[in-house]
Amino acid sequence: MKIVLPKKVVHIIDILEKNGFEAYAVGGCVRDIILGKTPNDWDITTSAKPQEIKSLFHRTIDTGIEHGTVTVMMDKEGFEVTTYRIDGEYEDNRHPKQVIFTDKLKEDLKRRDFTINAMAFNYRRGIVDEFGGIKDLQDGIVRCVGNPEERFGEDALRILRAVRFAAQLDFDIHEDTCRAIKLLVKNLTNISKERIQTEMDKMICSDHPEKILMAYKLGITKWILPEFDRMMNVPQNSIYHMYNVGVHTVKVMENIENNHYLRWAALLHDIGKPDKHVIGEDGYSHFYGHGDLGEKMAVSILKGLKFDNKTVKIVSRLVKHHDDTIRLTDYGVKKSVVKVGCDIFPMLIKLKWADLAGKSDYSKEHTTDDLKKLQEIYEKIVERGDCLEIKNMAVNGRDLIEWGLKPGAEVGEGLDKLFEEVLKHPENNTKEKLKQIIFT
Ligand code: ATP
Ligand code: MG
């Protein structure tokens with residue numbers, strides 16, 4: 001295997017070695033290059049102490065100096081260089097009380113979470129693989145370094161990292177590691193919501209979002225997204241469906257591109273169903289109003305996970321409208337675009353396609369043509385550039401005031417009336433025509 005490190009990383013390692021220290025690329029970047037993937041970032045581990053690292057490079061930033069991490073700047077790019085360390089005793093399932101520097105690489109590798117993340121590489125020594133990381137990479141296994149119970153006991157975030165890597169790499173989790181997860185999963189309550197969000201987001205936006213079922217089986221979702229467990233317990237006895245709500249949800253995630261908003265919308269689109277489940281007189285499951293309830297639940301779940309406002313707003317709106325019935329006329333589609341929002345309508349169409357892909361053959365036979373038609377009508381509307389927002393009409397409030405309407409409610413109602421007109425008859429979107437219309 002030929003491993004190529006970027007020039008800047010080689011340069012940093014060279015300088016450290018020339019000054020009598022050891023230095024290696026380490027962790028995720030070694031895992032990724034062995035897998036033939038491009039690493040997100042390059043971490044370097046070294047026997048040099050933080051002050052020594054700082055003295056060897058012109059520009060450094062004290063990123064986490066108390067934990068031994070200094071960022072070395074090369075042009076505009078930063079590389080984290082961390083002193084070999086042993087983590088001291090852990091507090092609250094997450095934070096080591098203190099860190100102890102060491103001069104042994106193996107000690108540093110031992111504190112890392114999984115064998116696949118515990119390898120180091122430099123050109124002098126090649127790959128340093130003390131814990132069977134290469135074999136686990138070949139076998140597709142996520143396995144703790146050392147005793148899994150101890151490792152998850154130290155830091156419960158590793159529980160989420162295990163499924164996150166399983167999802168990103170399409171790996172299994174080793175049975176001993178699984179057993180320890182099941183045993184210690186409730187320690188997840190000690191992990192901050194922000195950290196949970198980051199790991200969940202990486203899992204859900206990975207190539208294998210279906211691994212959320214692995215998280216479910218290991219008892220993880222019960223602590224971080226109990227609403228998912230409830231979906232797994234709701235059958236869908238109807239001609240439209242062939243899976244329970246949870247499994248259907250997973251199918252929808254698998255059938256949508258790995259865009260952050262779309263994946264979260266897919267995960268949460270039916271979150272309102274468990275509370276809205278009724279068996280109708282026809283003997284089938286119905287879920288009237290699950291979109292509206294789902295919107296509220298999505299807001300509370302996403303806020304609870306400390307997501308940014310943009311995510312909360314976009315995802316909850318998609319959830320609310322995912323099951324809207326849309327009339328398949330120009331005007332019907334435009335009304336829906338206005339209700340849902342121009343910004344997310346293309347996403348709503350994608351969500352509807354994915355939703356359908358997770359339903360029964362009966363649904364597919366009966367809905368595919370309608371969805372195609374919806375998409376066609378929408379695309380034509382966009383192509384023609386029809387006005388879809390009040391603010392893009394040929395007139396605005398100031399024009400109406402100039403024509404003699406009273407500022408306030410009268411102008412507001414006037415604009416609404418004209419907008420309706422423009423949605424129905426886009427050819428009337430000119431100042432002259434709208435002026436005529438307002439006075440008829
Ligand atoms: P990514 O591709 O997401 O960056 P990564 O493996 O590089 O994945 P980082 O969070 O960047 O993950 O961490 C870098 C390395 O630090 C890991 O590969 C692992 O060796 C170690 N590490 C990170 N978090 C932990 C943890 N919670 N417990 C033990 N070791 C950890
Ligand atoms: Mg990394």
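One-based numbering along the sequence shown. Order of listing sets the numbers, starting from 1, for every ligand and every atom in it.
Around atom 23 (C) of ligand 1, the closest heavy atom drawn from Arg31, Gln168, Arg161 belongs to Arg161. Of the candidates Arg112, Arg158, Arg151, Glu154, it is Arg112 that places a heavy atom closest to atom 21 (C) of ligand 1.
A distance below 6.0 Å separates the ring centres of Tyr240 and Tyr362.
Nearest non-hydrogen protein atom to atom 19 (C) of ligand 1 is Asp113 OD1, 3.6 Å. Scanning all protein heavy atoms for the shortest distance to atom 18 (O) of ligand 1 gives Gly28 N, 3.0 Å. Among protein heavy atoms, atom 27 (N) of ligand 1 sits closest to Asp155 OD2, 2.9 Å. When only non-hydrogen protein atoms are considered, atom 20 (O) of ligand 1 lies nearest to Asn117 O, 2.8 Å. Closest to atom 1 (P) of ligand 1 among all protein heavy atoms lies Asn40 ND2, 3.6 Å. The protein atom (non-hydrogen) at minimum distance from atom 3 (O) of ligand 1 is Arg164 NH1, 2.8 Å.
Using a 3.5 Å distance cut-off with no hydrogens or angles, the side chains of His260 and Thr311 do pair a donor with an acceptor. If you check the side chains of His290 and Asp275, you find no donor sitting under 3.5 Å from an acceptor. No side-chain donor-acceptor contact under 3.5 Å links Gln375 and Lys352. A side-chain donor from one of Thr82 and Thr69 sits under 3.5 Å from a side-chain acceptor of the other.
In the vicinity of Lys202, heavy-atom distances shorter than 4.0 Å reach the ligand 1 atoms 3 (O).
Without hydrogens or angle criteria, Arg263 side chain to Ser206 main chain gives a donor-acceptor distance under 3.5 Å.
By the 6.0 Å and 45° rule, Lys276 does not stack over the aromatic ring of Tyr288.
In this structure, His277 and Phe287 have parallel ring planes: the angle between them is below the 30° cut-off, well short of the 60° mark. Ring-plane geometry between Phe114 and Phe165 is classed as perpendicular, the angle between the planes exceeding 60 degrees on a 0 to 90 degree scale with a lower cut at 30.
Using a 4.0 Å heavy-atom cutoff, Phe165 is listed among the residues neighbouring ligand 1.
When heavy-atom distances to ligand 1 are checked against a 4.0 Å cut-off, Glu199 has no atom that comes that close, whether in backbone or side chain.
Of all the N, O or S atoms in Asp41, the one closest to the Mg ion (ligand 2) is OD1.
In terms of polar-atom proximity, Asp43 is not counted as a contact of ligand 1, lacking any N or O under 3.5 Å from an N or O of the ligand.
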